[in-house]
Amino acid sequence: MDLTRDTHLFKPAVKRIAWGSRVQRWRRVKDSCARMSSGTAVLIVCLLVGVIAATLVIRSWPILSAYPLDELLTGQTWQPLHGRFGFAPFIAGSIAVTLVAMMLAVIPAVFSGIYLAEYTSSRARAALKPLIDLLVGIPSVVYGLWGILFIIPLVRDVIGPWSDRTLGQVFPFFARTNPSGYGLLSAGFVLAVMVFPLIVAVTEEVLRSAPREMRETLLALGATRWETTQCIVRRAGLPGILAAIVLGFSRAFGETLAIMMLIGNVPQMPTSLFDAAYSLPALIANNYGEIMSVPLYESALMGAALALLAVVLLFNILARLVIVRLTQAQAR
Amino acid sequence: MYALSIRQLNVWYDKQHVLKDITVDVPRRQITAIIGPSGCGKSTLLKSLNRLLDLNERVRVSGQVLFEGQNIYDPGTDVTDVRTRIGLLAQKPFPLPMSIFDNVAYGPRIHGLGNGHLAQIVTAQLQAVGLWEEVKDRLKAPATGLSGGQQQRLCLARTLAVAPEVLLCDESTASLDPISARGIEALLRGLREKYTLVLVTHDIEQARRLADHVVFMWLGELVEHGPAGPFFAQPEQKLTQAYLAREIG
């Protein structure tokens with residue numbers, strides 16, 4: 001078809017409406033309204049972070065000014081009635097249980113993500129993914145109950161005695177110090193199940209967003225599936241997978257209920273996988289609103305919340321820096 | 001005589017029949033050009049030759065592609081081996097996100113070809129595509145920093161570094177500026193002595209300049225094929241005549 005001959009195609013169908021008319025003014029009003037309302041929404045969210053941090057700092061100020069910071073952070077005794085507020089056991093407990101969970105979850109989760117992204121057909125993926133997503137939706141109290149009914153007896157009767165007989169003979173870390181089953185391993189195991197689907201989902205997403213040409217190029221060079229996957233993970237996926245792990249870490253570090261039900265709640269520095277411990281969120285949840293007549297008690301719990309926020313924030317910033325460095329290194 | 005023999009090849013995307021009963025031979029150490037309008041199935045035909053079509057789950061293939069007498073669609077075929085021996089130069093240059101050196105070295109590394117003299121292989125391939133002088137001082141620099149034409153030459157060096165026997169080119173000059181495109185064309189012409197080349201192009205002039213043998217496709221069917229001289233001088237089919245005269249397509 002010769003378009004140049006059909007000149008009527010190029011005539012504007014409607015007469016142009018002058019800028020400044022009512023219709024156009026109304027369009028401009030809508031435009032600026034949309035800009036302002038969405039901008040305000042972002043501002044509110046940003047302010048919220050500031051308000052939360054400020055509240056925590058103000059409310060924990062009494063204890064922060066009454067004791068030197070290092071005494072609070074490294075102090076190992078928690079006796080509010082005697083005015084002793086050492087956060088070290090709680091910080092150590094939180095870090096330990098999170099690390100146990102990450103040790104158990106990260107490798108299987110990353111491999112599951114790789115499998116879903118690289119090896120399954122889309123039909124199998126459609127069947128498997130909702131199953132994994134379902135794990136995210138289970139309430140933590142259900143995880144906690146399942147832990148009490150299933151994991152605790154398993155750790156108490158099977159894993160604990162076995163570990164004590166074998167690895168525990170050489171490494172004190174694996175010695176069964178606590179016959180109840182409540183402790184780091186049980187809580188860490190359940191926590192691992194909780195963060196697992198999160199890491200799987202993000203890993204899968206990251207790998208599937210790698211350019212199609214990259215996969216084609218590698219396969220066309222005669223690379224096997226596994227070599228292709230390795231190259232994509234190392235050259236394109238690593239920052240994203242790291243972000244997935246950070247997300248899992250933050251989720252695990254803040255988890256309260258399931259840990260509270262399984263960790264044993266003993267404020268001590270854990271030295272073994274089977275030790276009972278106490279986590280920061282559990283400390284706050286167990287005690288807030290109880291014996292508030294004790295001087296500085298409420299302020300100390302606020303301090304615990306502040307420490308929790310600080311650790312998560314610090315970890316996120318560090319991870320962000322690593323991710324930026326990695327992304328730059330890959331571009332090179 | 002023939003490097004590849006395609007026998008009654010049919011390809012479906014879901015229900016859509018995109019290649020219909022293709023039977024044609026690809027002569028060894030010559031350039032075979034597959035021409036035809038967009039959507040006629042020429043890229044599909046090209047990608048069926050090293051089983052890159054397998055990546056798409058919706059694709060179904062029947063028929064045979066004989067490579068040195070072996071059907072590459074036999075269930076027992078080592079796909080990795082097929083793809084190593086039948087290399088591909090894609091339409092858009094895609095440098096892997098790594099250094100210039102590593103781009104060329106990747107193939108030899110995974111195939112264990114390089115042991116000890118990887119640097120020699122990389123140098124030789126970069127020289128072969130005329131890129132050596134331009135990049136010899138920045139081999140560790142990211143390949144993404146090269147210009148489009150340089151990237152495509154790098155991709156060619158990368159493909160040749162795994163020592164393929166057949167080279168498939170999927171409109172490999174289409175995304176380049178005219179000067180870079182001519183450069184790639186000259187390289188491809190030079191490669192004919194050592195490799196069997198199959199190239200897809202929608203550019204009739206390019207086929208005229210390069211091809212020893214031409215295959216003309218229309219709506220998933222093979223209309224006409226033969227040595228370039230007679231094909232362009234006296235095409236037999238009406239459809240071919242019309243296409244070459246640019247009345248259709």
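Residue numbers begin at 1 in each chain, while the letters A, B, ... track the order of the sequences. Everything quoted here is computed from the prediction, not taken from an experiment. Worth knowing before you read on, the calculation uses all heavy atoms, side chains too, and leaves out hydrogens, waters and symmetry mates.
Within 6.0 Å of atom OH in Tyr73(B), more than 12 heavy atoms from other residues, nucleotides or ligands are found, so the atom counts as buried in its surroundings. Glu68(B) CD: more than 12 foreign heavy atoms inside a 6.0 Å radius. Dense packing is recorded around OH of Tyr119(A), with more than 12 heavy atoms of other residues, nucleotides or ligands lying under 6.0 Å away. Within a 6.0 Å radius of CD1 in Ile107(A), other residues, nucleotides and ligands contribute 12 heavy atoms or fewer. Counting heavy atoms of neighbouring residues, nucleotides and ligands inside a 6.0 Å radius, atom CD of Gln127(B) exceeds 12 of them. Around atom CZ of Arg320(A), no more than 12 heavy atoms belonging to other residues, nucleotides or ligands sit under 6.0 Å away. Within a 6.0 Å radius of CZ in Phe189(A), other residues, nucleotides and ligands contribute 12 heavy atoms or fewer.
Note that NZ of Lys92(B) is 11.0 Å distant from OG1 of Thr217(A), once rounded to the nearest 0.5 Å. The CG atom of Leu219(A) lies 10.5 Å from the OG1 atom of Thr84(B); values are rounded to the nearest 0.5 Å. Summarising the geometry, atom CD1 belonging to Ile110(B) is positioned 7.5 Å from atom OG1 belonging to Thr228(A); distances are rounded to the nearest 0.5 Å.
Across all their heavy atoms, Cys231(A) and Met98(B) have their closest contact at SG-CE, 3.6 Å. Of all the heavy atoms in Asn50(B) and Ala220(A), the pair that sits closest is ND2-CB, 4.4 Å.
Put simply, of Met214(A), Arg123(A), Arg215(A), the one with the most heavy-atom pairs under 4.5 Å next to chain B is Met214(A). The candidate with the highest count of non-hydrogen atom pairs below 4.5 Å against chain A, out of Leu88(B), Leu52(B), Val162(B), is Leu52(B).
Ion pairing of Lys47(B) with Glu216(A) is present here, as a side-chain N (NZ or NE/NH1/NH2) and a carboxylate O approach within less than 4.0 Å.
When heavy atoms are compared at a cutoff of 4.5 Å, Asp54(B) does not approach chain A at all. Only the side chain of Leu96(B) comes within contact range of chain A, judged by heavy atoms closer than 4.5 Å. For Arg51(B), no part lies near chain A; criterion is any non-hydrogen pair under 4.5 Å.
Between Tyr106(B) and Glu227(A) the shortest side-chain heavy-atom distance falls below 4.5 Å. In this structure, the side chains of Arg235(A) and Asp102(B) come closer than 4.5 Å at one or more pairs of heavy atoms.
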